[in-house]
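Report on the following structure.
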Amino acid sequence: MTLSLGVDTGGTYTDAVLIQDEKTVVATAKSLTTRHDLAEGIGKAVEAVLRDAKVDPDQITLASLSTTLATNALIEGQGERVGLVLVGFNEADMKRHGLTDVMAGDPYVLIDGGHNHAGNEAHPLDEKSLRDWLTLQASDVSGFAVAAQFATRNTAHEKRVSDMIHAQCEKPISCSHHLSSKLNGPKRALTAILNARLIGMIDRLITRAQIRLTELGIHAPLMVVRGDGALISAEFALERPIETILSGPAASIVGARWMTGAADALVSDIGGTTTDVAVLRDGRPAIDPEGARVGPFRTMVEAVAMRTSGLGGDSEAHFLSEGLQSSVSLGPRRVLPVSLIAMEAPDLVHEVLEKQLRSTTLTEHFARFVRAVSGAHRSGLPPRDSALLERIGDQIHPLGDVLENRLEYNALRRLVDRGLVQVSGVTPSDASHVLGNADAWDAKAAHMALELFSRQRTGAGKRFSDTAEEVAQVIVDQLTQQTSLALLETAFGEEADGFGLPAADLARHVLTQRGLSRHRGLVKLDAGLNLPVVGLGASAPTYYPAVGARLQCEMILPEHAGVANAIGAVVGRVTIRETGTITSPSEGTFRVHLATGPEDFRSSEDALLRLEEVLKSRAQNAAIVAGAEGVRVVVQRDIRTATIEGQDVFIDAEVIAEASGRPRIAL
């Protein structure tokens with residue numbers, strides 16, 4: 001008998017599940033995610049699931065972890081302070097490709113160097129400028145990102161920069177050629193920046209998870225879900241944390257397929273921070289050929305083709321007053337629900353809300369609280385940010401009590417972006433507590449917060465709504481509307497025949513929206529989804545029946561929809577893909593671009609065989625390191641040619657070696 005433990009660490013909850021012989025769910029459990037120490041929430045969830053299943057920890061043969069933390073961090077613009085070294089690029093490249101905005105004040109340096117498309121050195125590496133910059137910045141960042149021009153054609157300069165950084169300080173280094181073998185230096189630089197920012201967060205998660213599982217008596221190997229749904233060893237994930245973006249969503253798709261057997265469907269997973277939508281075709285999710293997109297970022301990480309939006313049960317509710325009309329929008333930022341923060345400090349939260357309800361004026365800080373996140377990396381803070389963080393201390397405060405002037409709003413936003421502070425406000429989770437659809441947290445606090453929300457004034461000077469219950473329904477209806485738009489946008493984006501407009505425009509088009517409302521006039525309009533939707537997430541049974549009705553489609557809500565990510569974490573396989581390129585810099589020369597440097601051959605077949613040999617070996621070894629056994633390797637060639645004067649001429653070729661195997665289990 002095999003007994004597998006799956007754990008998913010989300011923005012709000014940490015889930016655990018036990019599966020016997022990869023067929024039967026034995027037990028499930030949930031615990032609040034503890035951001036100050038992720039191991040605490042993991043330990044509570046695992047202890048609960050072991051207790052419910054009445055099994056000994058040493059019976060666990062495999063443990064696997066999925067997480068939405070990396071995805072959530074990118075959606076919310078969070079991450080640690082890093083330094084960027086760009087080799088062979090200039091300031092115009094930084095601005096043109098948005099890298100200046102992405103760095104958001106973090107230090108970077110542009111130095112001479114880099115290679116050309118053929119892998120030949122374009123300029124010597126400016127080592128002196130790098131040494132001078134490192135002397136000033138090395139102590140002020142948590143890690144480094146390195147990207148050099150055409151580094152996938154020749155890795156020499158990125159390797160040299162990495163060696164120099166390593167010699168000067170012991171901090172994580174993220175080289176772009178480790179993360180992708182594709183061209184597009186600025187995009188690789190972006191991926192390396194995000195990877196560097198996530199290293200500390202994912203390292204804390206995995207390391208603390210390993211320690212806590214060992215303390216509980218679980219000695220099975222720990223696997224981690226990658227963004228394409230495959231499993232990798234914890235050690236492998238620590239080297240490339242960026243590959244865990246979309247880990248949780250990818251695991252949910254694997255879990256959805258395992259639970260429902262659905263071959264063709266839309267899968268929509270609602271969490272506390274995001275809603276993740278993907279399409280299942282013939283039982284498999286598509287891999288995004290352009291690289292994973294998360295929020296505003298298009299990375300070069302291989303991951304499932306998925307649309308992730310900042311919409312979840314804990315999305316911030318915004319009051320919009322436009323002319324004489326008013327409405328509500330949700331997200332994209334997550335805040336702590338008032339009903340949840342009241343569980344930590346009920347006396348304080350109740351007292352503040354009651355005082356605000358007695359007031360005759362409604363300030364902009366009503367029903368909003370703030371607290372610091374302990375244990376986060378705090379170096380490099382400007383004086384104003386540091387002073388505000390010190391003022392917040394380790395207590396929960398009404399937001400209005402800690403902001404002394406308007407200038408501190410930007411300081412607060414920066415602290416939130418760095419993951420150093422959390423703000424609490426009104427969310428759909430609070431609305432669900434008011435409507436009686438949820439009872440896990442403090443419903444009284446939620447009711448007071450929504451009563452305050454309802455007192456806001458429209459453009460006509462009228463109160464937004466009469467009761468907390470009315471505004472709660474408005475918020476839940478808005479979640480239904482935004483979820484429907486996310487599903488429609490995905491469906492339009494995956495249509496084989498285009499409609500001549502972007503998917504987002506089509507989803508919001510007046511004809512689509514009138515069709516959903518079954519317009520009947522001189523024109524008859526109907527619109528909806530032609531595939532079932534698998535609704536996942538703990539709150540899916542609360543919100544998704546209305547979504548199915550809105551989109552006129554079948555809504556499948558599996559029994560264990562609330563722990564789909566944790567299920568997907570243990571029913572997947574280990575898969576590693578290695579990619580390489582061959583170019584022809586001159587007639588009769590075929591250049592293989594390897595990590596050790598370019599190699600030239602006189603025939604294309606010899607070059608292809610050499611590249612296949614290297615990639616097969618790398619993929620197989622990496623799969624074994626990633627925790628696989630029974631590894632099988634499959635190789636694909638993509639050779640591009642052009643016909644010139646009646647003859648086929650070799651342009652370039654891409655070779656992909658895919659190694660796949662079962663995750664190793666403890667005997």
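When reading the values below, keep in mind they use all heavy atoms of this one structure, side chains included, and skip hydrogens, waters and symmetry mates.
Between Arg371 and Glu344 a salt bridge is recorded (basic side-chain N to carboxylate O distance below 4.0 Å). Comment: Lys444 does not engage Glu451 in a salt bridge, judged by the lack of any side-chain N to carboxylate O separation of less than 4.0 angstrom. With respect to Arg284 and Asp264, no salt bridge is recorded, no charged nitrogen being found less than 4.0 Å from a carboxylate O. Of the charged side-chain nitrogens involved, none lies within less than 4.0 Å of a carboxylate oxygen, so that Glu316 and Arg334 do not count as a salt-bridged pair. Of the charged side-chain nitrogens involved, at least one lies within less than 4.0 Å of a carboxylate oxygen, so that Arg333 and Asp417 count as a salt-bridged pair. Ion pairing between a basic and an acidic side chain is recognised when a charged N comes within 4.0 Å of a carboxylate O; Lys23 and Asp21 show no such pairing.
Glu658 contributes no side-chain N or O that, together with a main-chain N or O of Thr575, makes up a donor-acceptor pair within less than 3.5 Å. Listed for the Ser517 side chain is no donor-acceptor partner under 3.5 Å among the backbone atoms of His519. Judged purely by atom type and a 3.5 angstrom limit, Arg463 uses its side chain to pair as donor or acceptor with the backbone of Asp466. Between the side chain of Gln456 and the backbone N or O of Ser465 there is no donor-acceptor pair closer than 3.5 Å.
Using modelled atom types and a 3.5 Å distance limit, the side chains of Asp442 and His350 yield a donor-acceptor pair. Checked by atom type, the side-chain pair Asp477/Gln473 shows a donor-acceptor distance below 3.5 Å. With no hydrogens or angles considered, a side-chain donor-acceptor pair links Thr14 and Thr33 at under 3.5 Å.
Residue-environment remark: CD (Glu354) exceeds the threshold of 12 foreign heavy atoms within 6.0 Å. Within 6.0 Å of atom CZ in Arg514, 12 or fewer heavy atoms from other residues, nucleotides or ligands are found, so the atom counts as exposed in its surroundings.
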Determine whether His447 and Glu469 satisfy the following criterion, side chain to side chain donor-acceptor pair (under 3.5 Å), listing intermediate values before the conclusion.
CA-CA 8 Å; His447 195 282; Glu469 287 75 13; 2.9 Å; yes
Apply side chain to side chain donor-acceptor pair (under 3.5 Å) to residues Asp276 and Thr308 and explain how you reach the verdict.
CA-CA 5 Å; Asp276 310 302; Thr308 297; 3.0 Å; yes
Worked verdict on Leu511 versus Gln513 for side chain to side chain contact (heavy atoms under 4.5 Å, CB included)
CA-CA 6 Å; Leu511 294 179; Gln513 293 303 310; over 6 Å; no
Under the criterion side chain to side chain donor-acceptor pair (under 3.5 Å), I'd like the reasoning laid out for Asp314 against Thr427: C-alpha separation, chi angles, the key distance, then a yes or no.
CA-CA 5 Å; Asp314 300 344; Thr427 68; 4.6 Å; no
Evaluate the side chain to side chain donor-acceptor pair (under 3.5 Å) criterion for residues Ser321 and Thr458: first the C-alpha distance (whole Å), next the side-chain angles of each, then the deciding distance (0.1 Å), finally the verdict.
CA-CA 6 Å; Ser321 182; Thr458 69; over 6 Å; no
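One distance of note links OH of Tyr543 with OG of Ser268; it measures 13.0 Å at 0.5 Å rounding. Here the straight-line distance linking atom CG of Leu311 with atom CG of Leu479 works out to 5.0 Å at 0.5 Å rounding.
Between Phe464 and Phe319, the ring-plane angle classifies as perpendicular under the 30° and 60° cut-offs.
The two atoms that bring Ala486 and Ser309 nearest to each other are CB-OG, 4.3 Å, heavy atoms only. The two residues Val370 and Leu412 make their nearest non-hydrogen contact at CG2-CD1, 4.2 Å.
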